[in-house]
Amino acid sequence: MRAFSYHIPTQIEFGNGAIARLPEFVKALGGSRVLVVGDPGVQRAGLIDRVQAILTGASIFNAVFADVESDPATRSVDEGTVHGKANGCDLVVGIGGGSALDTAKAIGLMLVNDGNIKDYVGIGKVPRAGAPVIAVPTTAGTGSELTIWSVLSDKVAKAKISVGSALNCPAIALLDPELTLSLPPQITAATGMDALTHALESYVNTATQPISEAMSDQAMTLIARSLSKAVADGSDVEARGDMLLASTIAAMAFNSTRLGLVHAFAMPLGAKFGIPHGLVNAIMLPEVMRFNHLANPRKFARIAEIFGEKTAGLSVEEAAALSVSAIEKLKLDVGITAKLSNFGVTEGRFDEIVDEAMLSGNVPVNPRQPTNDDMKALLRAELV
């Protein structure tokens, strides 16, 4: 067994109604003036008001920054930081999906560190720990509540940039399934497929290790059991709890291993064509699996088993192939039928998409190394 390391600095608190314990966690982290960071959707849903009421009821000062865009721009970080400093905030509570949480984490860094968030693009470039962040996810997909990454958009360059550092991990991930009950079916489906892609790509890539493998397996088991249920009946709190746990556990896996070709594609396709992250993962996942499955057939055979395929009596290669059809069936079951052409992707843009995708750190750990032509073929298969 080769050497590996595993580290996660985030405290995880899970439970129905856990949001009521927020003041307890703020005080445990030494916070006295809280910046609540969210997006307009979370604000319209009344969740920011709920967080403010809980904090105010515990006599904890709070200010709100809710101007976080989908695929958040660095502008959101800059303006949120200014607002936090103007109010003397020493702790950040991020509430929402990945965009809100990634922004909250970056604001936490910039309340303490000098310069601009763009100065810390890459991995391991943040010099000092930021203000503590409590991350409260309201979707079950990104895993941003404990990852090292903040993914932001450079709107001028039409590119996504990532800040990665162990110092960017929230201090506490506060997981309350009840906060996900109002998530619409289509977003439940897309974010659930995002969580699945995290777990699956971490599970089969070449950087996987025993701890991450176990987490990926558990996350996929929860998703197989509950994603379709959560999409069909958003009020099913048990299914919502499974999906919230699956998202977080999948993030605990890929935080140490990176991912694969699906996520290599997701960056340029998201930045250039505005395809929501979970949806672009759902679109590309089966075709990438078809490309990869014989490079790690034992793992793909296990995926087929997890998702209910009958593999008894089959060779490991035959069983591995069934994993692809299993995920294709799941996509249809949760109502995802979109193709790349629905978002304006054309074959004439393949070169720029592939050139950017091949720069991703997720390519070297993919179980099968692609050529540029392979990458174009994968795009072509999901074009229409």
Side-chain angles (χ1 to χ4, degrees), residues 6-19 21-22 25 38 42 47 92-105 108 132-151 164 166 168-181 183 187-203 208-209 211-227 229-231 236-259 263 277-278 281 306:
Y6 185 86
H7 172 69
I8 180 169
T10 302
Q11 174 182 338
I12 299 169
E13 297 288 343
F14 175 89
N16 291 324
I19 191 64
R21 298 178 63 197
L22 183 59
F25 299 128
V42 171
L47 295 178
V92 178
V93 171
I95 181 165
S99 296
L101 299 188
D102 281 0
T103 302
K105 288 154 60 174
V133 175
I134 299 174
V136 186
T138 61
T139 66
T142 70
S144 182
E145 61 270 14
L146 53 73
T147 66
I148 67 172
W149 299 100
S150 282
V151 180
N168 197 37
C169 294
I172 295 174
L174 183 54
L175 310 180
D176 185 343
E178 293 179 358
L179 299 181
T180 70
L181 291 174
L183 201 64
I187 300 178
T188 300
T191 54
M193 291 298 295
D194 189 18
L196 171 58
T197 307
H198 291 157
L200 194 153
E201 289 205 294
S202 173
Y203 186 61
T208 189
Q209 33 94 338
I211 295 174
S212 65
E213 283 183 8
M215 291 177 176
S216 293
D217 190 296
Q218 174 67 3
M220 287 188 288
T221 298
L222 291 169
I223 291 166
R225 183 170 76 193
S226 290
L227 176 55
K229 291 180 182 179
V231 172
D236 186 336
V237 72
E238 185 173 344
R240 292 294 196 181
D242 277 355
M243 289 308 302
L244 191 56
L245 275 178
S247 174
T248 298
I249 294 169
M252 292 169 71
F254 85 80
N255 215 19
S256 295
T257 65
R258 301 204 69 127
L259 293 157
H263 275 81
H277 182 74
N281 285 344
I306 290 170

Sequence neighbours excluded, every pair satisfying side-chain hydrogen bond (donor to acceptor under 3.5 Å, both in side chains) that has a member inside residues 134-146: Asp102-Ser144, Lys105-Ser144, Glu145-Thr248
Can you give me the closest heavy-atom contact between [X] and [Y], atom names plus distance?
X: Gly192; Y: Leu227; answer: CA-CD1, 3.9 Å
X: Thr257; Y: Ser202; answer: OG1-OG, 2.8 Å
X: Ala104; Y: Gly94; answer: CB-CA, 3.6 Å
X: Ala171; Y: Pro132; answer: CB-CB, 4.4 Å
X: Gly38; Y: Ala100; answer: CA-CB, 4.1 Å
X: Leu244; Y: Pro137; answer: CD1-CG, 3.9 Å

Listed partners of Gln11 passing side chain to side chain contact (heavy atoms under 4.5 Å, CB included), at least two apart: Glu13, Phe25, Ile172
For Thr10, all residues meeting side chain to side chain contact (heavy atoms under 4.5 Å, CB included), sequence neighbours excluded: Ile8, Leu146, Cys169, Pro170, Ala173
Main chain of [Y], side chain of [X]: is a donor-acceptor contact present, judged purely on distance under 3.5 Å?
X: Ser212; Y: Ala253; answer: no
X: Ser216; Y: Ala199; answer: yes
X: Asn16; Y: Asp176; answer: no

Residues forming a ring pair (Phe, Tyr, Trp, His ring centres under 6.0 Å) with His263, sequence neighbours excluded: His198, His277
For Ser150, side chain to side chain donor-acceptor pair (under 3.5 Å) partners two or more places apart: Asn168
By side chain to side chain donor-acceptor pair (under 3.5 Å) - contacts of Ser99 (at least two apart): none
Pairs satisfying salt bridge (charged side-chain N to carboxylate O under 4.0 Å, His left out), at least one member in residues 240-254, at least two apart: Arg225-Asp242
With Leu245, the side-chain contact (heavy atoms from CB on, under 4.5 Å) member among Ile223, Ile12, Leu222: Leu222
Is there a side-chain contact between [X] and [Y] (heavy atoms, below 4.5 Å)?
X: Val92; Y: Ile134; result: no
X: Gln218; Y: Ile249; result: yes
X: Gln209; Y: Ser256; result: yes
X: Tyr6; Y: Met252; result: yes
X: Thr197; Y: Leu259; result: no

Atom pair OG1/CE of Thr191 and Met243 - distance to nearest 0.5 Å: 6.5 Å
Inter-residue atom distance Asp194.CG - Ser247.OG, 0.5 Å rounding: 7.5 Å
Partners passing salt bridge (charged side-chain N to carboxylate O under 4.0 Å, His left out) against Asp217 (at least two apart in sequence or in another chain): Arg302
